[in-house]
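Working notes, structure below.
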Amino acid sequence: MTAVDIDTNAMLQLRRISKGFFGLSVLRDVTLDIGKGGITGLIGPNGAGKSTLFNIVSGFLTPDQGDVLYHGASIARASVAERSREGLVRTFQTPQVFAHLSVRDNLIAGCHKLGTSGFLANLFGLPSSRAERRRMAALADATLARFGLGDIAQIRAGDLPVGQQRLIELARAAVGEPDILCLDEPSSGLNAEETEQLRQMLVRLNREGMTIFLVSHDMDLMGVSSDVNVLCFGEIIARGDFAAIQADPRVREAYLGA
Ligand SMILES: Nc1ncnc2c1ncn2[C@@H]1O[C@H](COP(=O)(O)OP(=O)(O)OP(=O)(O)O)[C@@H](O)[C@H]1O
């Protein structure tokens, strides 16, 4: 990663991002800041390019033009794994849990990148790796309690309903204490009660210092954002706090054609 530009207020900066598929222009000149310690939202009508932009942030796609700066350094060509090691972690529209592992082991897997003892030490069960595993298990147990998952800790994650899998995926992402948590439609498949629990959890994680990037159709959930960006036909047409966005005539037109 090369140092390009340092803005101490923005953790992640998207600079003039463009992306197309087979000649179809999907994102045009998108510039967007994700402020440190905030919840930055991204909304937009179907086909606006939200998933494409989210995948460029998380490293599943590379932009045709423009740059992605993380802590002031370019990561536009960094792999998903490199970004994750640097503390940029994402969740998926359909929760991606390790179905065959228990809930607790899913969280222990999420601690993996906090480990320092290396492959051989783990393979031979050396004291350094045993101590590390104990530390990870303690962290996983604390996170199980924090997310209210203690009662289902030993159940296979794949046997649980989607609402609980969503929470497990979020807990597994949070257990590694990422710098920024990127959430793609986190309320999809959740009922109203589960969405409210999710909303409260996002507020809590953010109060504890986690920066969050939230892509969602769900306007109730989007209300947690300190800053909302509106994408329409591949361009940012408005940004501001949630109340200002709701009142913006360009946004109403994009959503309602009114
Ligand atoms: N891999 C791809 N190949 C070709 N076209 C693609 C690809 N990915 C996305 N597109 C097109 O890019 C446009 C934007 O898609 P994208 O999924 O980013 O929008 P979105 O705002 O996330 O939409 P939705 O809210 O419906 O999920 C769409 O026209 C889509 O068909």
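Any value given below was found using the heavy atoms of this structure, including those in side chains, with hydrogens, waters and symmetry copies removed. All ligand and atom numbering here is 1-based and tracks the order in the structure.
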Hey, mind stepping through Glu196 and Gln200 against side-chain hydrogen bond (donor to acceptor under 3.5 Å, both in side chains) and telling me if it holds? CA-CA 6 Å; Glu196 176 54 23; Gln200 289 176 17; 2.8 Å; yes
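Atoms of ligand 1 lying under 4.0 Å from any heavy atom of His217, numbered from 1 in the order shown and given with element: 25 (O). In the vicinity of Gly49, heavy-atom distances shorter than 4.0 Å reach the ligand 1 atoms 14 (C), 16 (P), 18 (O), 19 (O), 20 (P), 21 (O). Atoms of ligand 1 found under 4.0 Å from any heavy atom of Ala48 (numbered from 1 in listed order, with element): 19 (O), 20 (P), 21 (O).
Protein heavy atoms are absent from the space less than 4.0 angstrom from atom 30 (C) of ligand 1.
A heavy-atom distance below 4.5 Å is not found between the side chains of Phe54 and Leu61. For the pair Leu88/Leu12, a side-chain contact is recorded, criterion being any heavy-atom separation below 4.5 Å from C-beta on. A 4.5 Å side-chain heavy-atom check between Phe98 and Asp105 finds every atom pair outside the cut-off. Annotation: side chain of Arg90 is not in contact with side chain of Gln96 (no heavy-atom distance under 4.5 Å). Using a 4.5 Å heavy-atom cutoff, the side chains of Ile34 and Leu32 are in contact.
Taking the six-membered ring for Trp, Phe60 and Phe92 have ring centres closer than 6.0 Å.
Proximity of Thr52 to ligand 1, defined as any heavy-atom pair under 4.0 Å, is shared by backbone and side chain alike.
Of the protein's heavy atoms, Phe21 CB, 3.4 Å lies nearest to atom 4 (C) of ligand 1. Nearest protein heavy-atom contact of atom 25 (O) of ligand 1 is Lys50 NZ, 2.8 Å. Atom 11 (C) of ligand 1 has as its closest protein heavy atom Val26 CG2, 4.1 Å.
With atom 22 (O) of ligand 1 as the reference point, the heavy atom nearest to it among Ser216, Pro45, Ser51 is part of Ser51.
Using a 4.0 angstrom heavy-atom cutoff, Gly47 counts as in contact with ligand 1.
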